[in-house]
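What follows is a single structure, written as structure tokens, with notes after it.
Numbers here are sequence positions counted from 1.
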Amino acid sequence: MTDETAEPVSDPAAARRERLLAEVAALPNLPGVYRYFDANDGVLYVGKARDLKKRVSTYFNRRHANSDAAIWTGHMVSRIARMETTVVRSEAEALLLENNLIKTLAPRFNIRFVDDKSYPYLKIESQRFPRVAYYRGAVDKKHRYFGPFPSAWAVKDSIQLLQKVFHLRTCEDTVFANRTRPCLLYQIKRCSGPCVDYIGPDDYARDVANAERFLAGEQQELMDSLQAQMMARAEALQFEQAAELRNQIASLARVLHQQSVEDNTGGRTKDADILAVKVDGGRACVNLAMVRGGRHLGDRPYFPKHVDNAIEVAREEQGDESAHDEPASSEVRVLEAFIAQHYLEGGLPPLLIVSNAVDKTLVEALATQGGVRATVQHQPRGQRRAWLDMCIKGAALRLAQLLAEEGSQQARTRALVEALDLQVEDLQAFRVECFDVSHTGGESTQASCVVFEAHKMQSAQYRRYNIAGITPGDDYAAMRQVLTRRYAKLVEAASLGEARLPDIVLVDGGKGQVGVAREVFEELGIELSRIVGVEKGEGRKVGLEELVFADGRAKVALGRESAALMLVAQIRDEAHRFAITGMRARRASVRTGASRLEEIDGVGPKKRAKLLQRFGGARGVGYASVEDLATVEGISRELAEEIYRALH
């Protein structure tokens, strides 16, 4: 007999939707920013709105099934578990906050640019005889900085130019302070020899000031000033000094003829950024070219993430709010996302030249926030048109190159999966971890772990392991230690659903290394089918490597032309490179341990001498354990731990 009065079981999805609709109904008709989160509290999407209530309601009141854009939006909406909103005073504030949140939260359905490299600068150090140097990092007020430049090559080319024209020094201060005769740069007329007083501070300061004027784009004013100085020296019968100025003017004229160009107004464009966008094959490229001081410094490509689905969601997003506006193209959306995110923290030049017309409100908001004046030009003429055309071609070429490389890499991934007869549902999630051990005669042993996932090497996930407590040179013991340290914790996390094991674990070695990996995996309860060893082929020739397995399968020789072998070799070589560079750095730190001992509080000259004598030098101190260090007279347990931490 059933209980007909029992209440029906509630639908969690329907309850969630009702709750979200109630929140939407309570939203104000004001500008603001909204964020959508999934059930795991991951950020799905960040958007802005002139009218929060109208915009957000379009997501939940439509049927998302009539187009690709609607399908993607419907997919996103079905995953929304909660939302957050922030009311702001204006649409400009909403725009800035939106892109700030996109950069910090990295939402799944937004176009997002990731720049893991800072821009380089040309630095002129503030000292008695200033030095010109390449610099990357945070700038300060102590020195003069020029840039940013799109590449290291552009900075170094500019430094060479300053050496040719103004003869400024580039040597390190330690070298400069200890020279007794001029170096080769003086002989080839690339430096004026301030290290040996061949030029006085006043004359050198004048050359530095001229170099700064040149970098600031005041080339014509500089030429006029140099010519006036040359005539004055000649009239004063100072012919040698006048000849030096004449040579400097000639060098500067050659540089200006090669690198300086006039714009369509007959004047000179000093500082500008040229932006071109290309969208194809679900990927996009924004090419940024820089003009600084009237000189075209080169370009740099940017490839955003989540382009395909983000564009579709953004199209569907327009809704009622943009019903009277022309729908923005994919190129415009990508370009506006780049401008908003790239210049959000400053660096906006006075002129932006763009391949597609963008919302001027965006640039005005960024300019106001940065306290600068900036204009946007979409259809330039003359030299600016030539710059833009070059930038457009660059964007198309870089995107075509990316698509070709991705296609090739995906083919390699697929070939490896097929060669190993793996059942992988999503190639994008296929993960390989590779290990290698490196040392020099047993010294400074270090193991590396590199990661291949999503068809590329994931350098942010690389790890190095300092190997200790083994017989020097015992590669098997080193491999056992690194695999145990790596997977003991990972197995536990995987059992809780907080991590996942790699599909393949590559070890650089044959049966011996694979046997060690087998023992470790058996102890930890990991499937042996994940282990693959890379064994050198006949004569250790490249292309003849064989794959060795821990689960009893026969060796596999893929063949010299195999795409799978190319991928295996790529991953293995990267593990080898990463291990060697780490080992060399560690070896260098150990070999300079004596000087590092001087920096440790509590280790004076007497204790330092006892340590070096007890362990036979700085290298021996670096190898010593905490227990060994504590056996030295005057070294307490606490100090021994401090010494060990400082040297490792």
Side-chain angles (χ1 to χ4, degrees), residues 113 115-125 130-140 143-171 185 190-191 208 210-219 222 251-263 268-277 285-303 338-339 342-343 345-355 383-384 386-398 401:
F113 286 85
D115 183 14
D116 56 355
K117 296 180 180 178
S118 61
Y119 282 107
Y121 287 83
L122 187 153
K123 179 172 73 169
I124 298 181
E125 297 177 349
R131 167 179 174 251
V132 180
Y134 169 92
Y135 179 79
R136 190 188 292 272
V139 300
D140 54 39
H143 307 292
R144 289 290 306 276
Y145 298 89
F146 295 89
F149 289 75
S151 64
W153 172 87
V155 180
K156 294 170 183 176
D157 182 66
S158 296
I159 290 175
Q160 289 182 356
L161 187 153
L162 296 184
Q163 287 179 294
K164 291 178 182 179
V165 178
F166 304 105
H167 301 173
L168 303 184
R169 76 176 183 94
T170 56
C171 56
L185 289 175
R190 294 292 185 269
C191 180
V208 171
N210 289 339
E212 291 178 348
R213 292 178 68 184
F214 173 81
L215 292 171
E218 300 174 6
Q219 290 94 340
L222 177 59
S251 298
L252 185 57
R254 284 194 297 271
V255 168
L256 294 180
H257 178 72
Q258 294 169 358
Q259 301 192 22
S260 209
V261 289
E262 302 294 319
D263 65 24
R268 194 182 307 280
T269 301
K270 289 187 177 181
D271 294 342
D273 281 357
I274 303 102
L275 297 170
V277 61
C285 173
V286 173
N287 198 31
L288 166 62
M290 293 182 175
V291 175
R292 294 293 183 270
R295 299 168 51 239
H296 193 289
L297 302 177
D299 58 0
R300 179 172 174 178
Y302 291 83
F303 303 100
F338 175 82
I339 292 172
H342 186 76
Y343 298 111
E345 297 175 359
L348 185 69
L351 175 63
L352 280 181
I353 302 172
V354 295
S355 61
Q383 184 58 46
R384 294 180 183 178
W387 284 338
L388 182 57
D389 288 343
M390 285 192 299
C391 196
I392 291 172
K393 289 180 181 178
L397 288 172
R398 297 297 181 91
Q401 181 181 10

Drop me the distance from Leu161's CG to Leu122's CG, to the nearest 0.5 angstrom.
-> 10.0 Å

Residue list, ring pair (Phe, Tyr, Trp, His ring centres under 6.0 Å) with Tyr135, at least two apart or on another chain = Tyr145

Side chain to side chain contact (heavy atoms under 4.5 Å, CB included) partners for Gln160, two or more places apart | Gln163

CG on Leu297 to OG on Ser158, rounded to 0.5 Å | 5.5 Å

Taking only residues two or more places apart in sequence or in another chain, which ones pass ring pair (Phe, Tyr, Trp, His ring centres under 6.0 Å) with Phe303?
-> none

Looking at residues at least two apart in the chain, or sitting in another chain, which of them share a side chain to side chain contact (heavy atoms under 4.5 Å, CB included) with Ala211?
-> Leu162, Phe166, Leu168

State whether Tyr134 and Lys156 meet the cation-pi test: NZ (Lys) or CZ (Arg) under 6.0 Å from the six-membered ring centroid, and within 45° of the perpendicular axis.
-> yes

Does any N or O in the side chain of Arg300 come within less than 3.5 Å of the main-chain N or O of Leu288, such that one atom is a donor and the other an acceptor?
-> no

Check Tyr121 against Pro148 and note the closest heavy-atom contact, atom names and distance.
-> CE2-N, 3.7 Å

Would you say the side chain of Pro349 lies within less than 4.5 Å of the side chain of Met290, judging by non-hydrogen atoms?
-> no

For the residue pair Cys171 and Arg131, what are the closest heavy atoms and their distance?
-> O-CD, 2.8 Å

Derivation and outcome, side chain to side chain contact (heavy atoms under 4.5 Å, CB included), residues Val291 and Asp271 | CA-CA 5 Å; Val291 175; Asp271 294 342; over 6 Å; no

Report the relative orientation of the aromatic rings in Phe338 and Phe113; use parallel for angles under 30°, tilted for 30 to 60°, perpendicular for over 60°.
-> perpendicular

What residue among Leu275, Val354, Ile274 forms side chain to side chain contact (heavy atoms under 4.5 Å, CB included) with Leu388?
-> Ile274

Would you confirm whether Ser355, through its side chain, and Val277, through its main-chain N or O, come within 3.5 Å as a donor-acceptor pair?
-> yes

Which atoms form the tightest heavy-atom contact between Ala276 and Ala395, and what is the distance?
-> O-CB, 3.9 Å

Counterpart residues, salt bridge (charged side-chain N to carboxylate O under 4.0 Å, His left out), relative to Arg190 (two or more places apart) | none

Separation between CG (Leu185) and CZ (Arg169), nearest 0.5 Å, reads 12.0 Å

Residues in side chain to side chain donor-acceptor pair (under 3.5 Å) with Asp273, at least two apart?
-> Arg292, Tyr343

Mind running side chain to side chain contact (heavy atoms under 4.5 Å, CB included) on Phe146 and Glu212 for me, showing each step along the way?
-> CA-CA 9 Å; Phe146 295 89; Glu212 291 178 348; 3.8 Å; yes

Using atom types as modelled and distance alone, determine if a side-chain donor or acceptor of Arg144 lies under 3.5 Å from a backbone N or O of Glu125.
-> no

